[in-house]
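For reference, the structure discussed in these notes is given below.
Naming: A, B, ... by sequence-line order, numbering from 1 per chain.
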Number of protein chains: 2
Amino acid sequence: MTQAIETFAKYLNSKDLKLTKERKTVLQEIFLHGGHLDVEDLLHSLRKKKKRASRATIYRTLELLVDSGLVRKVDLGHGHSHYEHVLGDAHHEHMVCLKCGKVIEFSDKRIERSLNKLCEKSGFEQCSHHFQIFGYCKDCR
Amino acid sequence: MTQAIETFAKYLNSKDLKLTKERKTVLQEIFLHGGHLDVEDLLHSLRKKKKRASRATIYRTLELLVDSGLVRKVDLGHGHSHYEHVLGDAHHEHMVCLKCGKVIEFSDKRIERSLNKLCEKSGFEQCSHHFQIFGYCKDCR
DNA sequence: CTTCTTGCAAACCATTTGCATCATT
DNA sequence: AATGATGCAAATGGTTTGCAAGAAG
């Protein structure tokens, strides 16, 4: 958490941008909240905690957070973006249940390994990737 | 191609929908064109061939095509959807170059296999999946 | 103090939808 | 003929942006 703020501060500094309280607030909210959340979620959580940041500022901050590598933007098939923090190596992908909307996170070392080999072989320098599986979870099938 | 139209006709029939010339036109255009294309591409190609289908009809038809399983909707990170036809088993995923925009298709049996096992193990009934890698192609890195 | 930020509301852009007219079965 | 489908234009919904007022370094 402190770690994340420091990293963000360093990133902002390197771009001559300022660490405002709104930016800090948004970052904290994402890191306190475990999973993926969207702009509306963020807006509500902040309101509940009597903190403030306009929708515009949230969008602008999220872009910075994604660019800094602290946050990942993911598509869960809802027609709008979700965001989740990235801490260290806990990389994972998403299974989305088309009926109940549940999102199951998963990760697979073999898949990641195959992926890296693949990029290496084709000379592709990977920045990010995202794997989504859509279907029905065991409670809904 | 004829195959695709027949499949679509069967699908439409099963839902008491009609095979109109606009729907046939859109389907043909997607199957004639090799790769992934968006609504704007479709609109231009059709205009060039003096065929017609409104934007609304294209959107409506694409939804049906996706639902019928003949076409796949993919996210190439452009802020809008792309579509590509699905013929048999030639399943593939996408690497997108963030600089030149080039899209490289790839497929990996090991990944597909790991994936299927994963779903099986967790009792998840897979409908579709999509794997995107963003980065820089060998000409742009 | 200078430069960057914020919040607001307007603008944008992809996609969807209501409705009157037209085509397929 | 009856039921759907089309095209248009208006509506929608997420996201971006211009600008005047405010805060960080």
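- You'll find the ring centres of B:His94 and B:His36 inside the 6.0 Å limit.
- For B:His92 and B:Phe106, the gap between ring centers reaches or exceeds 6.0 Å.
- As rounded to whole Å, 13 Å separates atom C1' of D:dA23 from atom NZ of A:Lys24.
- Spacing between atom CG of B:Leu64 and atom P of D:dG4 amounts to 14 Å, rounded to whole angstrom units.
- At whole-Å resolution of the value, CG in A:Leu12 and C1' in D:dG25 are 13 Å apart.
- A:His85 places a side-chain heavy atom less than 4.5 Å from the side chain of A:Leu87.
- If you check C:dG7, C:dT15, D:dC8 against the side chain of A:Thr57, the one that comes closest is C:dG7.
- Residue whose closest nucleotide on DNA chain C sits further toward the 5' end, between B:Glu40 and A:Ser54: A:Ser54.
- Side chain of B:Leu17, nearest nucleotide from D:dA5, D:dT15, D:dG7: D:dA5.
- With no hydrogens or angles considered, a side-chain donor-acceptor pair links A:Glu93 and A:His129 at under 3.5 Å.
- Considering only side-chain atoms of A:Lys18, the nucleotide from D:dT6, D:dG25, D:dT15 that sits closest is D:dG25.
- Mapped onto DNA chain D by nearest heavy atom, B:Asp16 and B:Ile58 fall at different nucleotides, with B:Asp16 at the one closer to the 5' end.
- The side chain of B:Arg23 approaches D:dT6 more closely than any other nucleotide in the set C:dA14, C:dC8, D:dT6.
- At whole-Å resolution of the value, CG in B:Leu62 and P in D:dT6 are 12 Å apart.
- A:Lys15 places its NZ atom 12 Å from the P atom of C:dT5, with the value rounded to the nearest Å.
- Taking only side-chain atoms of B:Thr20, from C-beta outward, the nucleotide of D:dG18, D:dA5, D:dT15 with the closest atom is D:dA5.
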Run the side-chain contact (heavy atoms from CB on, under 4.5 Å) check on A:Leu42 and A:Tyr83 step by step: do they pass? CA-CA 10 Å; A:Leu42 225 28; A:Tyr83 299 83; 5.8 Å; no

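- Close to D:dT15, at under 4.0 Å from its OP1 or OP2, lies a side-chain N or O of A:Ser81.
- Panel note: side chain A:Asn116, backbone A:Arg113; no donor-acceptor pair is recorded below 3.5 Å.
- In this entry the distance linking CZ of B:Arg55 with P of D:dC8 reads 11 Å, nearest Å.
- Atom CG of B:Leu42 is separated from atom P of C:dA14 by 15 Å (rounded to the nearest Å).
- Of the side-chain N and O atoms in B:Tyr59, one or more sit less than 4.0 angstrom from OP1 or OP2 of C:dT15.
- The one candidate from B:Arg60, B:Arg55, B:Arg52 that meets the salt bridge (charged side-chain N to carboxylate O under 4.0 Å, His left out) condition with B:Glu22 is B:Arg52.
- Here the C1' atom of nucleotide D:dT6 and the CG atom of B:Leu19 are 15 Å apart, to the nearest Å.
- Taking the nucleotide of DNA chain C with the nearest heavy atom to each of A:Arg60 and B:Glu22, the more 5' of the two is matched to A:Arg60.
- Within residues 44-52 of chain B, the residues that place at least one heavy atom under 4.0 Å from DNA chain D are, in residue-number order, B:Arg52.
- Within a 6.0 Å radius of CD in A:Gln3, no more than 12 heavy atoms belonging to other residues, nucleotides or ligands are found.
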